[in-house]
Structure formats: structure tokens, C-alpha cells
**Q** 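Here's a structure for you.
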Amino acid sequence: MTPGRILAASILAEVESGRRLDVAWEESGAAASPERAWIRTLAYGTVRLRGRIDHLLSRFSNRRLRELDPPVRTALRMGAFQITEMGGVPDYAAVSESVRQVRATGGRAAAGLVNAVLRRLARAPRGPDVFPDPETDPEGYLTTWGSHPGWLVRRWVRAFGPGGARALVEANNREPEIFLWPIGADARDAATVLAAAGLGAAAPQSCARGDRWIRLRPGTNPAAALELVPGTIQDPAASLVVRYCAPEPGSLVADLCAAPGGKALALSETAGGVVAGDLSQRRLARVAEGWRGLKAHGLERARLWPVVADARFPPVREADTVLVDSPCSGTGTFRRHPDGRWRLTPETIRTLVRVQSALLDGAASAVPRGGLLVYATCTLEPEENWCQVESFLARHPGFRVEPGAGAKPCLDERGCLAVLPHESGFDGAFAARLRRVD
């Protein structure tokens, strides 16, 4: 097997065993490989289009995929993705490399199965007629061609209608762009530096509106960009949450679910100090790493204190602004975290709702009269968003929704931040600013 395929196979084996895709990617060392972009396309694409691939494979195999050993299933999916989605890979190479891949662990019978199935797939037509019709069977179409779980498709059809659900699924299946938000640096100057190094666009996305995110060129290693420009890698939706939060200059902010730290770092630019708390010491280390990166660029004026803490029991007595960037189902980030669609279940959402409720109740204890509590998620599900806020307000009548001036074009009728991937081109995001009035 080629080195790139070996790395991709090892990443997918980790995902098959239950590890998150982004964690498996980071721990594999693939980011430092000369084939970084190719490996990422193969590994992430195989996960992203698993539903589409499995539908095609099922037409040519007399055994169900779930009955196969994980290494055989992974080899079939990788080979099918290369044949159907990676035009630069010859079919014969995709087949032969997949056979080599499985021969090492699966024996002659498994290798024969992979060879036969992928050869049939390579010869067969793969037009739209092999998938359910999107007009007469939208659910079948979005679960196969759209590569999303059926229960989630049904939920989104109810919420957004068939057309909206299709647009959302299609948005989730597009390769996400990578953005850098400069911190303590002029956005145009930062963009010029990155463009000169061949890493970024020549100008920020929309300086005229006050947005400063800079789109990195496809295949760019974000770490290389951060060596040149102080900032954080952050989708524009996350940057909009920071703008919506809008703490007073010089005030104290407590970010109680801070890891991996993008919002905490961005908030430190204007806040007098940020207490960055998180329950996971391992994930909190990434916050500290990002902070050290800013300091390496000479940014010393703002202060940030990472602390291992449970948001239900805030590590500060009070703060001017308390941010709960809550654990959530992440359905707004499926283009960036495609494995999330396969790990999520309805029960997971119900469990998360209970967790979010407890986090909000705990965080409220650190908000003084006149202070601000900001609740944020990256999910699209109403019970985790407005329903959660509504329930909190019923339990805590001393709080009121206060829209604020930041991110005004993205506010809904209640004054909450609401960003939808299929409408914005960004990740999904929700946030509510809650002022304590008594």
C-alpha cells in the first residue's frame, strides 16, 4: 500500500473503533505528511459519504456490510470512495490497493470479496437512477445519495421542509473552507502576509461589515498560517458568536466550556481578562497552546487563565459576562465533523438537553445583577436552542433576552443569533444573550 493510503486506513480504523475523526486525524501525524490534502480528502470523504458508498456497495455484494469484519468494510468503503469520488485515482489502482489493504489482515477470501465487489462497482453505471428519486422519495434520496441517517433526515424534513432539508444535506456534504480570525493584528495586514506566503486570500472576507475572517487556501496546514499571523482557526459562525457576545472592553469574561479555545482567545482581544474553564484537562491544554501561540507573537496586553472546572460549579464568584458554549449534538458542524452524523442518536440529544440545563443553572450563579449570561451551541435542534433558553427563563425569571448590537443581520425574531449552514455557507450556530435584571 502507498504511505497515504496506509495513513488514511489507520485513521478510519480508529473511527471504526469509536474514536472521533478529528482526534484520529490529529494523532495519526497525517497533518505533517506531504500528502496531507490527499489523505484528508480520502479519510474525511469516506466518512462523509458513507451512506452513499454503502448504498452503491450493497448492489454488488451478497453480504451485508455490517456483517463484514471492520478492516474489510473499511477497505471496501475506501476503495469505493476512490472509484466514485476521486477522479485522479485510476479504478485499477483503487481496486488493487484495496485488495492489498485487506489481504494483510483478512486473508485470501476477504481479498477476493473486495476485488470482486470493487471491480463490479467500477464497471457499473453510477448515475442518479441508482438512487431513490428525490421528488417521490426524498427521505430515501437524502439517506443514500445525501448520506445522512434516516431519523435525522425525517427530523430536518419536518423542521425545514423537503427543500430545506435537501439544501442542508448538500451543504453538509461540501468540503468546508478553513478560516483564520486574526487577533491583535490588522485584518488586511494579516491577509497580505498570508497571501504573500501562498496560504490565504488577498483580503479578509468582509472588512466592510467588520468581519475579519481570512479564508485559507485549500490544502493549507492551519498551523503554518498561525506561525505567521496571531489568531485562531475559527469558522465565521463561531466568530459571529464572539461578536454577538460583545463583552464590554476591559471586563472580566468567564468562558465555562472553553476548549478548544477559539472563542476564549478571540474574546481576550477586548476583554480585560478571560477565565477559560473546561472539565477536560486534555482539551484545556489546547486552550493554553493557543494562548502561548498568541504570546509568541508578542501579544501580552490581554490576560487568559485556563482552569480545569465543571461549569455547573463556576471557578469564579462572578464575572461581567459568563459564556456557556455548551456541549451539544453539533448538527450545525457536520460538514466539518462528518462522523458526527453517524455517532448521533435521538437519545444523545435527550441526554444533552439535560446536561445543558444543568450547565445553565450552574453558570447563572456567577452572573451578578446587570451581568450577562451568553448561551451558545453549534446545533440546529430546537430543544437544544430556543427551547432550552425558554426553559431557563422559566426557572430564572430574573433574566431577560437582550439582543445587543453585534451580528445584527444574523438575529432571529427573538433577538437570538441563528446561523444555518444552507443559508449562510458557514457552520450552524445559535446563541442567546441573557441579561440579569434582578
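Atom set for the values below is all heavy atoms of this structure, side chains included, hydrogens, waters and symmetry mates excluded. Predicted model only: the values in this text are computed from it and were never measured.
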**Q** Please examine the side chains of Leu323 and Pro247, heavy atoms only from C-beta on, and report whether any two atoms are closer than 4.5 Å.
**A** no
**Q** Begin with the C-alpha distance, continue with both residues' side-chain angles, and end with the deciding distance and a verdict on salt bridge (charged side-chain N to carboxylate O under 4.0 Å, His left out) for Glu383 and Arg155.
**A** CA-CA 12 Å; Glu383 57 266 58; Arg155 166 184 276 258; 2.8 Å; yes
**Q** Can you spot which of Val47, Val15, Leu21, Leu152 makes a side-chain contact (heavy atoms from CB on, under 4.5 Å) with Trp342?
**A** Val47
**Q** Given 3.5 Å as the limit, does a donor-acceptor pair link the side chain of Ser357 with the main chain of Arg354, or not?
**A** no
**Q** Just to verify, what does Ser365 make a side-chain contact (heavy atoms from CB on, under 4.5 Å) with, not counting sequence neighbours?
**A** Pro314
**Q** Is Glu170 salt-bridged to Arg166, going by a charged N under 4.0 Å from an acidic O?
**A** yes
**Q** Is a side-chain donor or acceptor of Arg435 paired with a backbone partner of Val401 at a separation under 3.5 angstrom?
**A** no
**Q** Met78 versus Glu97: any side-chain heavy-atom pair under 4.5 Å?
**A** no
**Q** Could you tell me whether Glu26 and Arg286 have a side-chain N and a carboxylate O separated by less than 4.0 Å?
**A** yes
**Q** With Phe392, which of Tyr375, Trp386, Phe399 fulfils ring pair (Phe, Tyr, Trp, His ring centres under 6.0 Å)?
**A** Phe399
**Q** His337: what forms a ring pair (Phe, Tyr, Trp, His ring centres under 6.0 Å) with it, not counting sequence neighbours?
**A** none
**Q** Would you please name every residue forming a ring pair (Phe, Tyr, Trp, His ring centres under 6.0 Å) with Phe81, sequence neighbours left out?
**A** none
**Q** Taking all non-hydrogen atoms of both residues, which atom of Leu180 and which atom of Ala225 are closest, and how far apart?
**A** CD1-CB, 3.9 Å
**Q** Output yes when Arg436 and Glu318 qualify as a salt bridge under the 4.0 Å nitrogen-oxygen rule, no when they do not.
**A** no
**Q** Shortest non-hydrogen contact from Gly277 to Leu284?
**A** C-CD1, 4.3 Å
**Q** Output, in order, the C-alpha distance, side-chain angles, deciding distance and verdict of side-chain contact (heavy atoms from CB on, under 4.5 Å) for Leu216 and Ile233.
**A** CA-CA 10 Å; Leu216 301 184; Ile233 301 301; 4.1 Å; yes
**Q** Are Asp325 and Val241 packed together at the side-chain level, in the sense that at least one heavy-atom pair is separated by less than 4.5 angstrom?
**A** no
**Q** Kindly indicate, with the supporting measurements, whether the criterion side-chain contact (heavy atoms from CB on, under 4.5 Å) is fulfilled by Trp291 and Ser268.
**A** CA-CA 10 Å; Trp291 183 237; Ser268 73; 3.7 Å; yes
**Q** Hey, could you give me the CZ/CD distance between Phe179 and Gln234, rounded to the nearest 0.5 Å?
**A** 11.5 Å
**Q** Set out, in order, the CA-CA distance, both residues' side-chain angles and the distance that settles side-chain hydrogen bond (donor to acceptor under 3.5 Å, both in side chains) for Thr379 and Ser329, then state yes or no.
**A** CA-CA 6 Å; Thr379 183; Ser329 60; 2.7 Å; yes
**Q** Quick one: pull up CG in Asn385 and SG in Cys328 and give me the separation to the nearest 0.5 Å.
**A** 7.5 Å
**Q** Would you indicate whether the side-chain heavy atoms of Pro176 and Asp235 approach each other to under 4.5 Å?
**A** no
**Q** Atom CG of Asn172 and atom OG1 of Thr333: how far apart are they, to the nearest 0.5 Å?
**A** 8.5 Å
**Q** Step by step, would you call Arg350 with Glu347 a salt bridge (charged side-chain N to carboxylate O under 4.0 Å, His left out)?
**A** CA-CA 5 Å; Arg350 288 190 287 270; Glu347 178 54 36; 3.0 Å; yes
**Q** CG of Asn173 to CZ of Arg52: how many Å apart, nearest 0.5 Å?
**A** 6.0 Å
**Q** Please determine, by modelled atom types, if Thr220 and Arg217 share a side-chain donor-acceptor pair under 3.5 angstrom.
**A** no
**Q** Could you tell me the separation between the CD1 atom of Ile39 and the OH atom of Tyr44, rounded to the nearest 0.5 Å?
**A** 12.5 Å
**Q** For the backbone of Thr144 and the side chain of Ser147, can you confirm whether one donor and one acceptor N or O come within less than 3.5 Å of each other?
**A** no
**Q** Quick one: which of His396, Gln356, Arg312 gives a side chain to side chain donor-acceptor pair (under 3.5 Å) with Asp361?
**A** His396
**Q** Could you go through Thr348 and Thr351, starting from their C-alpha distance and side-chain angles, then the distance that decides it, and tell me whether this counts as side-chain hydrogen bond (donor to acceptor under 3.5 Å, both in side chains)?
**A** CA-CA 5 Å; Thr348 305; Thr351 299; over 6 Å; no
**Q** Thinking salt bridges, do Arg77 and Asp54 make one under a 4.0 Å N-O criterion?
**A** yes
**Q** Picking from His422, Glu381, His148, what satisfies side chain to side chain donor-acceptor pair (under 3.5 Å) with Trp156?
**A** Glu381
**Q** So Val316 and Val307, do their side chains get closer than 4.5 Å, heavy atoms only?
**A** no
**Q** Taking all non-hydrogen atoms of both residues into account, name the closest pair between Cys245 and Leu372 and its distance.
**A** O-CD2, 3.8 Å
**Q** Would you check if the side chain of Arg283 reaches a backbone N or O of Ala259 as a donor-acceptor pair within less than 3.5 Å?
**A** yes
**Q** Check step by step if side-chain contact (heavy atoms from CB on, under 4.5 Å) holds for Asp133 and Tyr141.
**A** CA-CA 6 Å; Asp133 183 84; Tyr141 177 80; over 6 Å; no
**Q** Given 3.5 Å as the limit, does a donor-acceptor pair link the side chain of His297 with the main chain of Ile183, or not?
**A** no
**Q** Please report the shortest heavy-atom distance between Gly231 and Leu226, naming the atom on each side.
**A** O-CD2, 3.4 Å
**Q** Can you check whether Phe131 reaches Leu56 side chain to side chain, under 4.5 Å on heavy atoms?
**A** yes
**Q** For the backbone of Leu252 and the side chain of Asp320, can you confirm whether one donor and one acceptor N or O come within less than 3.5 Å of each other?
**A** yes
**Q** Run Leu42 and Met86 through side-chain contact (heavy atoms from CB on, under 4.5 Å) and show every step you take.
**A** CA-CA 8 Å; Leu42 177 54; Met86 298 182 73; 4.0 Å; yes
**Q** How close do Ala31 and Asn221 get, counting heavy atoms only, and between which atoms?
**A** O-ND2, 3.4 Å
**Q** Over all heavy atoms of both residues, which pair between Val229 and Pro182 is shortest? Give the atoms and the distance, please.
**A** CG1-CB, 4.3 Å
**Q** So do the side chains of Asp427 and Val419 get within less than 4.5 Å of each other, counting heavy atoms only?
**A** no
**Q** Does a donor on one side chain and an acceptor on the other come within less than 3.5 Å for Arg395 and Ser391?
**A** yes
**Q** Would you find a donor on one side and an acceptor on the other, under 3.5 Å apart, between the side chain of Glu384 and the backbone of Val353?
**A** no
**Q** Are the side chain of Arg433 and the backbone of Glu402 linked by a donor-acceptor contact shorter than 3.5 Å?
**A** yes
**Q** Can you tell me which residue among Arg48, Arg336, Arg335 is in a side chain to side chain donor-acceptor pair (under 3.5 Å) with Glu175?
**A** Arg48
**Q** Check whether any side-chain heavy atom of Val89 sits under 4.5 Å from a side-chain heavy atom of Arg5, and report yes or no.
**A** yes
**Q** Roughly how far, to the nearest 0.5 Å, is CD of Glu14 from OG1 of Thr74?
**A** 11.0 Å
